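Presented below is the structure to which this report refers.
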Amino acid sequence: MKGRVSHSPLRTSLLFTGLTFVQPAVNFLLLPLYLAYLTPSEYGLYALMVTVSVLAHHLAALRVQDAMGPLYFRFGRQPGEQRVFLDGLLQATLVLNVLFLMVALGVGPWIFASLFSDGGAPDFFPYGVLAVLIGVLNSISGPYLGFVKNGRQVRRFAALHLGLVAANVGAQLSLIVVLQRGALGALEARLAGPALLALVALAVSARGLLRRPDWEYLRAAFRFSLPLLPFAAVVWVAAFADRVWIERSFDLTTLGTYSLLLALVTMVTMASHASWNGIQPFLFEELSALGGPSTRRLQQLARTYFSIPFLVGGALAAGAPLLHALTDEPGYLAVLTFATAGIAVYLTESVSIFLRGLLTHALKPAIISIATTISVAIQFGSYIILIPHFGINGALAGILAGQLILIAILLIPLRTKAPQALPSLKILAPPLILIPLFLLPKLMGHFGWIASPWTGILQFSCIFLPILGYFLKKED
């Protein structure tokens, strides 16, 4: 296949991981731009709308684009099957996105008026419209990106992601720095990359879009995706409710502080998703092997997966004090109070992402939805109780409670209904043991054991180096 490379599976998975991580890494590198040109309240507004775009992305096409991952290899037994499957998914995604956009334009203003408090909260026109368009465009390109990745077309995958990054960066510099359009310009700029990918996906598959869809493939895709809709909704509520509650309980400036914290610590989540995207084709292929999966191979892939978010988390914790060099805005510098605790919380999420992926291959979407719903209910209740009294610390405590419950629930069906996917709990023990170590710098600072941020970096290195050694250790 054109664009496919002959690297070993492990090396190719690392290439995919790196390419998937380019976009979130560039967004992270753009933070100095936001700190220089956006006030904390403007940044809070912008981050809030990015979250709305994530909801639109998940709901616009009923998540049918997600079926490309696990069903790609099941429809690859005959030549051309996978291409027919792609064409059908693109057709369904395009139609559903158009319908979703029409509904969103009608009910969006009412939803925004109901959710947000008065006094600087965003209007649906133009902020909400831009957020919905970003989500819709990302949804349209989803099936094609999944097709390229599962086909191991590394060069094409690289070209698509680098084109996305170039378009976004160019638009951000133009609209924020040159035209100085503030939060509105930042949102307008986020349209560039998704629009480019959507146009490429539709252009490459233009002939297939005119083909009559294969309803057998589409029925299989919807059977997989529809049970995931509650999961998508509750996950979004979990990710969005904290921002809404902080905005309602405090103001956009506090939301800006919390949003900057999330921009830093969710690099761990992005690293987890990027790492999962890198190993997923090889993990699913191994789990689908006719002779059964190799335990040693699963352990190697798990080690590769966990190494990325933990190394990113360590780098963030060590480098957080450098924020002083970028801004003197108190609303932004307040983030340093919560940084290491936030990293520990989001490293916990890397474990639940891994477990959800294993159950996804086992075609247990209903179990994922039930487990996530229970977790989010606990998380949402924690927000209501804790955020008005403890602010950002209350939000982090709610996230941690939800993730721990989710991990405990997901382990039950994995051990009883799909034991071959998780042959040993030893795979999860080291990450769960190492996560609390990220809280030590915060405790040291609380008791006055750290005299300066630079001493904190030195002391944290004593924690970071063993983590690095563990995750880079070769298999025996």
Side-chain angles (χ1 to χ4, degrees), residues 34 38-63 96-139 175 181-191 194 229-263 331 373 376-377 379-389 391-392 394-395 398-399:
Y34 301 141
L38 302 180
T39 65
S41 61
E42 286 179 319
Y43 185 71
L45 189 155
Y46 164 69
L48 199 60
M49 291 303 98
V50 171
T51 308
V52 173
S53 74
V54 173
L55 174 67
H57 176 210
H58 283 304
L59 299 185
L62 305 179
R63 294 202 65 162
L96 289 171
N97 272 286
V98 171
L99 294 175
F100 177 82
L101 183 58
M102 294 171 61
V103 173
L105 291 175
V107 303
W110 174 80
I111 293 176
F112 267 50
S114 302
L115 277 179
F116 303 118
S117 66
D118 297 329
D123 296 322
F124 184 75
F125 296 100
Y127 296 103
V129 173
L130 288 171
V132 169
L133 283 174
I134 293 167
V136 163
L137 291 171
N138 278 322
S139 176
L175 292 168
R181 290 180 58 79
L184 184 61
L187 278 174
E188 291 168 341
R190 286 188 74 98
L191 281 171
L229 278 178
F231 165 74
V234 296
V235 165
W236 182 83
V237 168
F240 189 64
D242 53 350
R243 294 162 175 82
V244 173
W245 223 257
I246 286 176
E247 191 270 337
R248 293 178 69 90
S249 300
F250 299 95
D251 51 32
L252 281 175
T253 299
T254 304
L255 179 59
T257 301
Y258 183 62
S259 297
L260 178 59
L261 172 68
L262 293 185
T373 301
V376 169
Q379 191 169 324
F380 185 69
S382 300
Y383 289 157
I384 295 175
I385 297 170
L386 298 176
I387 286 178
H389 300 287
I392 292 174
I399 296 170

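Just so you know, residue 1 is the first one in the sequence shown, and it goes up from there. These figures come from a predicted structure and were not determined experimentally.
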Across all chains, not counting sequence neighbours, the side chain to side chain contact (heavy atoms under 4.5 Å, CB included) partners of L62 are L96, F222, L226, L229
Nearest heavy-atom approach of A395 to I387 is N-CG1, 3.8 Å
Residues that R181 engages under salt bridge (charged side-chain N to carboxylate O under 4.0 Å, His left out), provided they are two or more places apart:
E188
Could you pull out the closest heavy-atom pair between L386 and G394, with the gap in Å?
CB-CA, 3.7 Å
List the residues meeting side chain to side chain donor-acceptor pair (under 3.5 Å) with D242, not counting sequence neighbours, and say none if there are none.
Y258
Contacts of type side chain to side chain donor-acceptor pair (under 3.5 Å), residue T254, not counting sequence neighbours:
D251
Do you know which two heavy atoms are closest between T257 and I392, and how far apart they sit?
CG2-CD1, 3.9 Å
Kindly write out the residues that satisfy side chain to side chain contact (heavy atoms under 4.5 Å, CB included) with A47, not counting sequence neighbours, or none if the list is empty.
S259
Restricting to ring-ring contact (aromatic ring centres under 6.0 Å, His included), what partner residues turn up for F112, sequence neighbours left out?
F116, F124
What heavy-atom pair brings I399 and Y383 nearest, and what distance separates the two atoms?
CG1-OH, 3.1 Å
If you compare all heavy atoms of F125 against all heavy atoms of L105, which two are closest, and at what distance to 0.1 Å?
CZ-O, 4.2 Å
Before giving the answer on side-chain contact (heavy atoms from CB on, under 4.5 Å), spell out for L137 and N97 the whole-Å C-alpha distance, their side-chain angles and the decisive distance to 0.1 Å.
CA-CA 8 Å; L137 291 171; N97 272 286; over 6 Å; no
Results of side chain to side chain contact (heavy atoms under 4.5 Å, CB included) for P126 - residues two or more places apart only:
L184
Please identify each residue that fulfils side chain to side chain donor-acceptor pair (under 3.5 Å) with T51, with sequence neighbours left out.
R243
Test your reading of the model: is there a side-chain donor-acceptor pair from R190 to the backbone of A131, 3.5 Å cut-off?
no
I'd like to check the ring-ring contact (aromatic ring centres under 6.0 Å, His included) partners of Y43; sequence neighbours left out, ordered by chain and number.
Y34
Residues in side chain to side chain donor-acceptor pair (under 3.5 Å) with S382, at least two apart?
none
Pairing residues for A183 by the side chain to side chain contact (heavy atoms under 4.5 Å, CB included) criterion, not counting sequence neighbours:
E42, L45, Y46
Minimum heavy-atom separation for W245 to P388, with atom names?
NE1-CG, 3.8 Å
